[in-house]
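Just so it is clear: chains get the letters A, B, ... in the order the sequence lines come, proteins before strands, and each one is counted from 1.
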Amino acid sequence: MAATALDSEITKSDKYSILLPTYNERENLPIIIWLIVKCLDTSGYDYEVIIIDDGSPDGTQDIAKQLQKIYGSNKIILRPREKKLGLGTAYIHGMKHATGNFIIIMDADLSHHPKFIPKFIELQREHDLDVVSGTRYKDDGGVHGWDFKRKLISRTANFITQMLLRPGASDLTGSFRLYKKDVLQKLIDSCVSKGYVFQMEMIIRARQLDYTIGEVPITFVDRVYGESKLGGSEIIQFAKALLYLFATT
Amino acid sequence: MTKLLEWVSVLSAFVAVWYSLVAGYVKHPMIEKNMTLVIVSPLIFVILFGLYAVSVILYRVFTFNNCEDAAKELQEEIKEARRDLQEKGLRW
Ligand SMILES: Nc1nc2c(ncn2[C@@H]2O[C@H](COP(=O)(O)OP(=O)(O)OP(=O)(O)O)[C@@H](O)[C@H]2O)c(=O)[nH]1
Ligand SMILES: [Mg+2]
């Protein structure tokens, strides 16, 4: 009895800070915010959304301000930066202003659907996990809008990575995750890589530091609006990071 | 121990066993009779593993979930969001 009362006391004070880095997401930002509000207001969890916009030339910042007026400045928090400084540092910047004890990281380009957030939270609570990672590679997870070539590259990269690093998580390059705040801070401090491969290093460090990791299958719908920034140089970056982690962790 | 060192130690154990057979440190009529097989066994192993890897990867590519429903649902939600946000006074 006493234990359950205490448990609900703790869970009641849980707060989730959603970090939303944006660069030229004027079309997507209102919709992702609308979806977050829709999916989380019904669930009753306490949350805030922190938008980290890197001076997008398309006026994402202006849209963000309007959204803040609509949904309130306690829900929508703006932490813009002057210029494009990269994703890794955007998370660090956003986390400094987060008031929640949990951090959720997701892309603003609609490839990550907020309907999975309650599932992340439930799984985290069930096992008191340090990290919950969305996965496209397991069970009902999947991708929409990928051709044969992209699927082949991604499955091959995943196979090799699993074999070499045995990370204990099936989706290393995905960036839809929930972290305990102090855990995320420690992981960021121990990560050396920047940019696209940052996500992979985070989960490898989590394994190395013996944090518990859970997985929720997610459906990944490739961006509808805006340009994809993934190119051939990502594959080289990925290979380098893989070899680095293979030799050092 | 790093993953690299794990691989190096397991591989060296295999190489040591293989070499001791080939070089004749371990003697047995069975080994001498099948010497060519012993010599090429690492190659066979690599080929079999390659076949395994290719079939697993191709199987996973073809069974990769396409999420048609999720994409359709998202399209509907985008329309609904646009309508609702317009009503709330968003200009974009
Ligand atoms: N603040 C900030 N956000 C960024 C930066 N680069 C990308 N983003 C955002 O980070 C998220 C993920 O970036 P994406 O461009 O979608 O990268 P991706 O998912 O690997 O690749 P695609 O979806 O194929 O383009 C999106 O919400 C982007 O708007 C950056 O330098 N600064
Ligand atoms: Mg994306």
Side-chain angles (χ1 to χ4, degrees), chain A residues 26-35 37-39 59 62-63 66-67 69-71 110-111 113 115 136-146 148-160 163-167 204 208 217-222 224-225 243 245-249, chain B residues 1-18 41-92:
Chain A
R26 156 186 199 101
E27 292 294 325
N28 294 318
L29 185 62
I31 294 161
I32 190 76
I33 296 289
W34 186 86
L35 286 170
V37 171
K38 181 186 159 191
C39 296
D62 167 59
I63 301 280
Q66 289 191 51
L67 288 163
K69 281 214 189 76
I70 293 172
Y71 291 109
L110 304 180
S111 43
H113 199 296
K115 72 184 171 196
R136 296 163 287 185
Y137 300 115
K138 252 169 80 175
D139 304 329
D140 296 332
V143 289
H144 181 267
W146 280 14
F148 177 80
K149 190 178 146 202
R150 186 138 185 213
K151 283 181 179 173
L152 183 66
I153 291 173
S154 132
R155 282 299 195 183
T156 307
N158 195 258
F159 184 88
I160 295 170
M163 189 172 77
L164 294 185
L165 300 180
R166 279 177 282 122
I204 299 295
Q208 197 186 18
I218 58 158
T219 53
F220 180 99
V221 180
D222 219 359
V224 188
Y225 301 108
L243 290 179
L245 292 170
F246 180 59
T248 57
T249 67
Chain B
M1 190 152 71
T2 68
K3 294 285 160 197
L4 175 64
L5 283 177
E6 279 177 32
W7 275 75
V8 168
S9 44
V10 170
L11 276 180
S12 3
F14 272 105
V15 168
V17 169
W18 178 75
S41 62
L43 189 67
I44 294 174
F45 186 78
V46 167
I47 291 172
L48 284 180
F49 182 76
L51 286 175
Y52 163 78
V54 168
S55 28
V56 166
I57 289 170
L58 284 180
Y59 174 77
R60 288 180 183 165
V61 168
F62 288 114
T63 56
F64 215 148
N65 197 346
N66 265 323
C67 310
E68 298 298 340
D69 294 342
K72 256 184 235 128
E73 188 193 320
L74 181 64
Q75 284 307 328
E76 287 307 309
E77 284 175 319
I78 289 176
K79 278 185 212 145
E80 202 187 329
R82 284 180 171 280
R83 232 178 291 130
D84 188 43
L85 286 165
Q86 207 113 45
E87 270 169 37
K88 288 191 162 81
L90 184 81
R91 291 189 7 251
W92 49 332

Those residues that, when tested against [X], pass side-chain hydrogen bond (donor to acceptor under 3.5 Å, both in side chains) (two or more places apart):
X        : value
A:Lys151 : B:Asn66
B:Glu80  : none
A:Lys69  : none

**Full working for side-chain contact (heavy atoms from CB on, under 4.5 Å) between B:Ile57 and A:Asn158** = CA-CA 9 Å; B:Ile57 289 170; A:Asn158 195 258; over 6 Å; no

**Prompt:** Which answer fits A:Thr248, side chain, backbone, both or neither, if we ask what part of it has an atom under 4.5 Å from a heavy atom of chain B?
**Reply:**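 Only the backbone of A:Thr248 comes within 4.5 Å of chain B.
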
**Prompt:** In terms of heavy-atom proximity below 4.5 Å to chain B, should A:Ile33 be classed as side chain, backbone, both, or neither?
**Reply:**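 Interface part for A:Ile33: neither.
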
**Message:** Counting only non-hydrogen atoms closer than 4.5 Å, can you tell me which residues of residues 46-53 of chain B sit against chain A?
**Reply:**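 Hits under 4.5 Å: B:Phe49, B:Tyr52, B:Ala53.
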
**Message:** With rounding to the nearest 0.5 angstrom, report the CD to CG distance, B:Glu6 to A:Leu164.
**Reply:** 11.0 Å

**Request:** Any chance you could lay out the side-chain contact (heavy atoms from CB on, under 4.5 Å) test for A:Asp139 and B:Asn65, step after step, and finish with the verdict?
**Result:** CA-CA 9 Å; A:Asp139 304 329; B:Asn65 197 346; over 6 Å; no

**From CA spacing to verdict: ring-ring contact (aromatic ring centres under 6.0 Å, His included), B:Phe64, A:Phe148** = CA-CA 10 Å; B:Phe64 215 148; A:Phe148 177 80; over 10 Å; no

**Side chain A:Arg155, main chain B:Arg60, donor-acceptor under 3.5 Å** =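 Yes: the side chain of A:Arg155 pairs with the backbone of B:Arg60.
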
**Asked** Does a side-chain N-to-carboxylate-O contact under 4.0 Å join A:Lys115 and B:Glu77?
**Response**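 Answer for the salt bridge query: no.
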
**Asked** Quick one: are A:Thr156 and B:Val61 in side-chain contact, heavy atoms under 4.5 Å?
**Response**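 No, side chains not in contact.
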
**Asked** Considering only heavy atoms from C-beta outward, does the side chain of B:Leu90 approach that of A:Leu67 to under 4.5 Å?
**Response** yes

**Residue, of A:Trp146, A:Phe220, A:Tyr71, that accumulates the most heavy atom pairs under 4.5 Å with chain B** =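 The option with the most such pairs is A:Tyr71.
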
Which atoms form the tightest heavy-atom contact between [X] and [Y], and what is the distance?
X       : Y        : answer
B:Cys67 : A:Gly142 : SG-C, 3.3 Å
B:Leu58 : A:Leu152 : CD2-CD1, 4.2 Å
B:Gly89 : A:Gln66  : O-OE1, 4.0 Å

